[in-house]
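Every chain is numbered from 1 and lettered A, B, ... according to where its sequence line falls, protein lines coming before strand lines.
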Amino acid sequence: MALSQVIIVRGKGVLAQDGGVDQKKLLRMYSRGFQLMHDSPNPKESLRHLFRADDRVGIKINTIGGKKISTRSEVSQSLASLLVESGVPDRGIVIWDRTNRELREAGYRLSMNRGTLKVLGTDTNSVGYNFDLVSHLNIGSRFSRIQTDTVTTSISLAILKDHGMAGITAGMKNYFGAIHNPNKYHDANCDPFVAELFDTSPIKEKHRLSILDCLVVQYHRGPAYHARWAKKYETLVFSLDPVAADFVGWQLIEQLRAQDGLPSLEEENREPKYLQTAVKMGLGKASSSEIKIIEEEI
Amino acid sequence: MKRRQFFKAAGGAALLSGSGMGSFLMDLYAFSGQENLSQVEARYYKKHPDREIECELCPRFCKLGDKERGYCGVRENIGGTYYTLVYGKACSANIDPIEKKPLFHYLPGSSALSIATAGCNVNCKFCQNWEISQVRPEQVTNYDFPPQAVVQSAQKNNCPVIAYTYTEPIIFYEYMYDTSVEARKKGIHNVVITGGYINPEPLVELTKVVQAIKVDLKAFSEDFYSSYVRGKLEPVLEAIKIISKSKVWMEIVYLVIPTLNDSPQEIRGVSQWLRKEVGPDIPLHFNQFHPMYLVKNLPSTPVSTLERAYKIAREEGLNYVYIGNVPGHRAESTYCPKCGKVVIDRKGYRIEGIGLSENRCNNCNTPIPGIWS
């Protein structure tokens, strides 16, 4: 059985003391991650395995946590620049989330010009949610038109956080921000909703890549920001397997919790149950024996 | 008259087309993304350390971190304080006959100014108003319609009743409560159309300011509530018991869905429970289901199924049983349980005749329970 591969790239010093980002180092982290992903001589080659020049690539970020604990603007912009280098025109890239307010509060500058890279929320006038309701298993939702109409392929570029209900929020749950009614899917540890949402055609057919922004990880009391449990971690996680990416994210959070003397998520009865549901649905792998982790320090 | 003009005439706030969902949705779509939300501190919640809160309004007891919203989608933790985002923000307002709620033993023939905000604390897969109930308030057009304006509008439109309806009024509890208080000062009645998924304490307080509650009892099994409502049956039964002990008039609607909650055993069970816990005079409406929202694979309820349910409930000793959503059916009317004569003759939402004098049957003088004037 083929193993799923997860790349962990650590970049000590990528975050400066003042919280700023060393862009060059960040780009090197990305480059190395993509090289390792396809054993390619350079990141361009690797990205060309995933995206064509005529693709419209959605980079779904998570900005609900505000400036302190959202996918960083530098992280998404660096990814976009590598995509451009690989041949995707910048006008074919959309960095997006639920609302323009949340994007602004997380430090993003909105950009809606046709000819350039776009940064916008679903609540932008003339965007909104697709009128058609997608009904699939326990899911009944309207999807952002960015996901259904604008983009042809999708990257989930989530920040990794502890989550009081789901256990963790990472690449798969990030797509809760692509629907009109995420509040309906938070009971029962968000299970089976996270997996079933991912399994809907607007997501599954377009998702290509999960990247977890772990420059800072909220490992307890998430998803809100609490400085006391937010760890400067300076890491990016890459995987083509969305379940494996989240599984590894979960393990990282457990490590940080253990280091801080906190009980495991399982002991708090909120381990990310959706992962096993996702495995049963054939969406990916969630066990150490089925995942090959390649870890590198820059 | 154009809608905006009508709105002005109605008292400065918009009366929206809630029942004509088509036109309403056009508005919803056109205004998508325009925020008009309130930030009024919610009632019934507990503060926890680290800016976390626990909502105590409904049996979900949502525990929320900063910036998170409850299941209802309209109550948000902002920096450790819990706020309602829809206070005075109606997304739907209409003038309806009270029979549409349905309330059949409550001021028959009267008009009810009916309002709703976005949101709901359950997620019924057969919801008729999901376009406004299963959304967050940012996704609909929210009109400023504060309590005083609602009351004023009811007066201007000769509505003796204000109905909190369409979505789930429990989730706009503060707005409903304050409007009810204002309305009572002006002699206007307040009626609540609810799924009854509310905790005892806020419900008891609510029964002190409203005059009638219609409860949608969606089935009589926990399995159904878990699978099709995303809630629990037990708290709803508890709510019905609480209301029955208050001074508030109550009626029950049971939407009969083919194969899901229509078995004779279940109908008998609910009828027996109501007779035992509330009494034989509780009006029980068996309404016809039509395919909607996420349950589109089932047919509309056959009238014969509704008639079977009617028969069972009558056998179990309930005196006032109705069949709804079947205009013209004889079981839309109210019959005297003693002599069998029609005391309220209904055709659809219209009252064709009233055979009551001072709350008694004109024919045999039997008292008919209800609020008749």
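- A salt bridge is absent between A:R270 and A:D191: the closest approach of a Lys/Arg side-chain nitrogen to an acidic carboxylate oxygen does not fall below 4.0 angstrom.
- Within residues 174-187 of chain A, the residues approaching chain B closer than 4.5 Å by heavy atoms are, in numerical order, A:I179, A:H180, A:N181, A:P182, A:N183, A:K184, A:D187.
- With chain B as the partner, the residue from A:A188, A:G121, A:A224 showing the most heavy-atom pairs under 4.5 Å is A:A224.
- Salt-bridge formation is not detected for the pair A:R104/A:E102: no Lys NZ or Arg NE/NH1/NH2 atom is positioned less than 4.0 Å from an Asp or Glu carboxylate oxygen.
- At a threshold of 4.0 Å, the pair A:K204-A:E196 does not count as salt-bridged, since none of the basic side-chain nitrogens sits closer than that to a carboxylate oxygen.
- Of the atoms belonging to A:H163, it is side-chain heavy atoms, and not backbone ones, that fall under 4.5 Å from chain B.
- For the side chain to side chain donor-acceptor pair (under 3.5 Å) test with B:K89, the passing option among B:T84, B:D144, B:T141 is B:D144; the others fail.
- With a 4.5 angstrom heavy-atom cutoff, B:C72 touches chain A only via backbone atoms.
- Residues B:N261 and B:K218 have side chains that never bring a donor and an acceptor to within less than 3.5 angstrom of each other.
- By a heavy-atom distance cut of under 4.5 Å, B:D50 are the residues of residues 37-50 of chain B near chain A, going up by number.
- Heavy atoms closer than 4.5 Å to chain A are found in the backbone of B:K63, but not in its side chain.
- A:T99 and A:D123 form no side-chain donor-acceptor contact under 3.5 Å, judged by distance and modelled atom types alone.
- Judged purely by distance below 3.5 Å, without hydrogens or angles, the side chains of A:T122 and A:S144 pair a donor atom with an acceptor atom.
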